[in-house]
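Indexing begins at 1, ligand by ligand and atom by atom, following the structure's order.
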Amino acid sequence: MSRQSRHHGNAPNPGSLVPPLLSWFAGAARDLPWRRTLDPYGIWISEIMLQQTQVKTVVPYWERWMGELPTVAALARAKPEKVLKLWEGLGYYTRARNLQKAAQQIVQQHGGTFPATFEDIVALSGVGRYTAGAISSIAFNQPKPILDGNVIRVLTRLFGIADDPRSKETNARLWALAEELVVHSRQLAAPALPPQFRAAGPCSLLNQALMELGATVCTPRQPKCAECPVKSSCTASLTGRAESFPRLAPRVSATSLQFAAALVERKGCWMVQQRPSGVINARLWEFPNVEVTAGSSDTLRHLRKAFGLARQKLDHFQTVRHTITRYRITLDAYSVSLCDSGSLPKLTGKWLPLEKLEQLPFTAAHRRLLDNLVRSSSSTVAKT
Ligand code: SF4
């Protein structure tokens, strides 16, 4: 990558943006728990959790995780179910599995010490260029660039880049600009942050400043340009077009999927199944369910047929709607109580009481069903 990107028209000189970004961050940085540590392990966990998840959601997850699995070694030897349980609710479970794989890699290849070079970090399972750049710069103050959705928004606005940032050429140009900024920061003194933050070098602070600006000031809608430390150099703001950047090509539209689930109870236990390895949400638990034609108005009939529940009384329990990546999912759940121990040949799984189910990692939609079951069973107990 060229260290010197081409500067177009009236676009600012990247080097001139660095000092105001650094001093702004010293005064505006949010006090987040992972900003109090220089431990690359904790920074890595925070970066993976923050992908497509809001800061306020991540804080309690990160604190619980660091309490239960405080080191690379603890993560490497933890039971996979425990790792998934700590991740439950964040979605994208492949990330949790990759975290454990990478921890095992660090133990085997680096004696349990978190690697300190970009090349070794990017070789870890589940770590891409962005995450490796974030860890190298934030934990080790190396001049490695970062480019995520927030930084793309800031840079396309500052430099007035109107092409689709996902196109190969524009993406490369944005990485080059991000690199130019962080390389420039290396020669400057790091401003002092309030005492609760870890002492960090200028490359660390510059990359964090870009992320923070995108998250809190240069927001997708109604950016707060009046509060922005680089407003006097910003191409988009100076021409009154901040919200028209970045110009993303439209994404493919979402696909609808529909499922029917059976909450089958017998003698105070509920049947659950574990998803196999190698599929999405592998090894998470869920209630027996079947995919039906999207838009189907008769999910109950499909459920009866799939699980041999032709004669039982099934009551509609809940409809859960949620979205995973580009899938819009509707899950119709029905409850059925079996009063005898008669077998159901088409249903296999484990029979467990609610208190045991609560200890298992569930897929997001089925977790909502379980939470509702727990709520309705405690209100039934309270009434009796
Ligand atoms: Fe974003 Fe406005 Fe700052 Fe430009 S001036 S970087 S549009 S917040």
Quiz item: Any ion pair linking E68 and K85 (charged N to carboxylate O, less than 4.0 Å)?
Solution: no
Quiz prompt | Ring centroid separation W270 to W351 under 6.0 Å | solution = no
Quiz item: W34 pairs by ring pair (Phe, Tyr, Trp, His ring centres under 6.0 Å) with which of W62, Y41, Y61?
Solution: W62
Quiz item: Under 3.5 Å, side chain of N141 to main-chain N/O of C203, donor-acceptor pair present?
Solution: yes
Quiz item: Looking just at side-chain N and O atoms, do D315 and S335 make a donor-acceptor pair shorter than 3.5 Å?
Solution: no
Exercise. Take the angle between the ring planes of F287 and H366 and call it parallel below 30°, perpendicular above 60°, tilted in between.
Key: parallel
Quiz item: Taking atom 3 (Fe) of ligand 1 as the center, what protein N, O or S atoms are found at less than 2.8 Å?
Solution: C228 SG
